[in-house]
There are 2 protein chains.
Amino acid sequence: MAGRRQSDATELEAAQPAGAGGFSLGDFLPYRLSVTTNRISRAFAERYSARFGLSIPEWRVLAVLGSFAPLSSNEICERTAMDKAKVSRAVALLTGKGLVDRAAHPEDQRLLRLSLSPRGRGTFEAVVPIAEELEAELTAELSAEERAVLDRCLERLGSAVGRLARPDER
Amino acid sequence: MAGRRQSDATELEAAQPAGAGGFSLGDFLPYRLSVTTNRISRAFAERYSARFGLSIPEWRVLAVLGSFAPLSSNEICERTAMDKAKVSRAVALLTGKGLVDRAAHPEDQRLLRLSLSPRGRGTFEAVVPIAEELEAELTAELSAEERAVLDRCLERLGSAVGRLARPDER
DNA sequence: TGACGTCCGTTTCACTTGAAACGATATTGG
DNA sequence: CCAATATCGTTTCAAGTGAAACGGACGTCA
């Protein structure tokens, strides 16, 4: 697919006149990232959502609690990059299913003290290998060096976009 | 922010017990892609949405029509990786704003023949430099080789996830 | 102490989303 | 030719989303 622009001007494809130069949505990095990422998220969700009854936000909360419990809702927001409303709803669902325990912080009644229940830990430990297998399949055709470059690129893209949002950052 | 895991085990951070091994959501590729991509999409939308009154789906339709008009709704679906309902709504908004012309296909009345109006082309050509500037800023700290590796990785990730969805692909 | 401002998590509200139902057109097969 | 099926784009519907309003808990400062 793809195909460089203006190379094969078939019947239906009217080549762009000018002005817009050679812009091609298919080569535009934000677009490529978005399409690939959404397809990956859907593919991963297919593997665990039906089997474990988890949405993507629920899995993310489960994942951070699996590694860093106990956490408050706010700490989950920071670690998952989800907004607080989303976290609140995911936590409510998970506690309703008995996968997450919630208690009040002993020293600050505003804070929740969230952690995995035994069943929640069991679910977490069941999903982790699925996640790792998916990642392995996705990156099977990437060399170790390519994978390292990819990680570095993502990190730099992340810091670059952070700078765009807050131009007066240090 | 960020901060490597387990390096600064401050008061609150209880290290994970075991079982789940060293799984860390922050290192999980689908998660990293998702967070970075969403931040980039939002940053880009900030630059054109207020100024031109375009949502992300509208911009995408405009972009493919800018390069490949005339297209049917279905062809826009394929080129933008959006589902047909989303495309339908974006097209309706764009025609309502006078940025897109719609006509019936002369040989198949089911198909639309969508193209940019003169105003639509003007908007497209005004947004393209913004898109290119954003991409340049994002990739400013990436070497040409890193950018090439990134593109290759995205392509391979895309084909890998396609294989996951349809394991009997060729 | 008490009034004010802040922080935390929940809830409300308007909007967006994708799946499915739908009407309209085109194609296929009897 | 007509019936059955498929395709295209729209609309409906239930679920999910972020922004903002909200109430409760905490900190501050007079």
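Residue numbering restarts at 1 for every chain, and letters A, B, ... go by the order of the sequence lines.
Counting only N and O atoms by type, the side chains of A:Arg121 and A:Ser117 include no donor and acceptor under 3.5 Å apart. Between A:Arg119 and A:Thr123, the side chains place no donor N or O within less than 3.5 Å of an acceptor N or O (distance only, hydrogens not considered).
Applying the side-chain contact (heavy atoms from CB on, under 4.5 Å) test to B:Gln109 and every residue at least two apart in sequence or in another chain returns B:Ala104. Among residues two or more places apart in sequence or in another chain, the side-chain contact (heavy atoms from CB on, under 4.5 Å) test is passed with B:Val35 by A:Ala81, B:Tyr31, B:Arg39. Partners of B:Glu137 according to the side-chain contact (heavy atoms from CB on, under 4.5 Å) rule, which considers only residues two or more places apart in sequence or in another chain, are A:Leu164, B:Arg47, B:Glu133. B:Arg89 meets the side-chain hydrogen bond (donor to acceptor under 3.5 Å, both in side chains) test with no other residue; sequence neighbours excluded. Scored by the side-chain contact (heavy atoms from CB on, under 4.5 Å) test, A:Thr80 finds A:Arg60, A:Val64, A:Ile76, A:Met82, A:Val87, B:Leu25 as partners (sequence neighbours excluded). Shown here are the side-chain hydrogen bond (donor to acceptor under 3.5 Å, both in side chains) partners of B:Arg110, two or more places apart in sequence or in another chain: B:Asp108.
B:Phe124 and A:Phe23 have perpendicular rings, their planes meeting at more than 60° on a 0 to 90° scale where under 30° would count as parallel.
Contact check of residues 91-100 of chain B against DNA chain C (heavy atom, cut-off under 4.0 Å) returns no residues at all.
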Report, as a single string ordered 5' to 3', how protein heavy atoms within less than 4.0 Å touch nucleotides 14-19 of chain D: B base, S sugar-phosphate only, - not at all. ---BBB

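Between the P atom of D:dG9 and the CG atom of B:Asn74 lies a distance of 5 Å, rounded to the nearest Å.
Between A:Glu141 and B:Arg163, at least one side-chain N (NZ, or NE/NH1/NH2) sits under 4.0 Å from a carboxylate O, which counts as a salt bridge.
Taking the 5' to 3' direction, DNA chain C first and last meets chain B under 4.0 angstrom from a heavy atom at C:dT17 to C:dA26.
Members clustered with A:Val149: B:Val149, by chain and number, using a 4.5 Å side-chain heavy-atom cutoff among hydrophobic residues.
Residue pairs meeting the side-chain hydrogen bond (donor to acceptor under 3.5 Å, both in side chains) criterion with at least one partner in residues 95-104 of chain B, sequence neighbours excluded, are B:Glu58-B:Lys97.
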Restricting to nitrogen or oxygen on both sides, can you table the protein-nucleotides 25-28 of chain D pairs closer than 3.5 Å?
| from | atom 1 | to | atom 2 | distance (Å) |
| --- | --- | --- | --- | --- |
| D:dC26 | OP1 | A:Gln109 | N | 2.8 |

